[in-house]
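Worksheet: the structure to be examined is printed underneath.
What you see is a predicted model, and the numbers here were worked out from it, not measured in a lab.
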Amino acid sequence: MEKVREFALSADDIFEELVEKDGYRLNHVIIKPGKIFPTHPTDANITIIIVDGILTLKLEEQDPCHYNKGQIIEIAKGVSSELGNTSEARTEVFVIKS
């Protein structure tokens, strides 16, 4: 039947792996203001669902773009990316890797 999982309801900086099975992973990430993850090639096809705040994302040599709560971003495997939170409020996302 169903399996219920919980994710953190917090304002703190969080990276939690919620599910890993059948060729996909689901992560929950809360990014504090000013935090930027280092540039890295994506290790899978990525879908990012923004549920709160603003996500700053720089892909390859493009200028950084800002995405808002309610947007979904897809990134192909192997694309060099840098993401983070350049705003003054927390950013919360779910990341699906397949």
Do Val93 and Leu83 come close enough that some side-chain heavy atom pair is under 4.5 Å? no
Please determine whether residues Tyr24 and Val29 belong to a single hydrophobic cluster, defined as Ile, Leu, Val, Met, Phe, Trp and Tyr linked transitively by side-chain heavy-atom distances below 4.5 Å. no
Separation between CD1 of Ile73 and CG of Leu55, rounded to the nearest 0.5 Å: 5.0 Å
Quick check on the hydrophobic clustering: are Phe37 and Val95 connected, directly or via other members, by side-chain heavy-atom contacts under 4.5 Å? yes
Is Phe7 reachable from Val51 through a run of hydrophobic residues whose side-chain heavy atoms are each under 4.5 Å from the next? yes
With the 4.5 Å side-chain cut-off for hydrophobic clustering, are Leu26 and Ile50 part of the same group? no
Hey, any chance Tyr67 and Val79 share a hydrophobic cluster, counting ILVMFWY side chains that come within less than 4.5 Å of each other, even indirectly? yes
For residues Asn85 and Ile36, report the shortest heavy-atom separation together with the two atoms involved. N-CD1, 4.0 Å
Report yes if some heavy atom in the side chain of Lys58 is under 4.5 Å from a heavy atom in the side chain of Thr56; otherwise report no. no
Is it the case that over 12 heavy atoms from other parts of the model lie below 6.0 angstrom from the CD atom of Glu60? yes
From Ile14 CD1 over to Asn27 CG, what is the distance, rounded to the nearest 0.5 angstrom? 12.5 Å
As an exercise, state the distance from CZ of Arg25 to CD1 of Ile46, rounded to the nearest 0.5 Å. 7.5 Å
Donor-acceptor pair, distance only, cut-off 3.5 Å: does the side chain of Arg90 make one with the backbone of Asp52? no
Between CG on residue Leu18 and CD1 on residue Ile96, distance to nearest 0.5 Å: 10.5 Å
What's the separation between atom CG in Asp43 and atom NZ in Lys77, rounded to the nearest 0.5 Å? 7.5 Å
Spacing of Ile30 atom CD1 and Lys35 atom NZ [to the nearest 0.5 Å]: 11.5 Å
Taking Thr47 for its side chain and Ile72 for its backbone only, find out whether a donor-acceptor pair lies under 3.5 Å. no
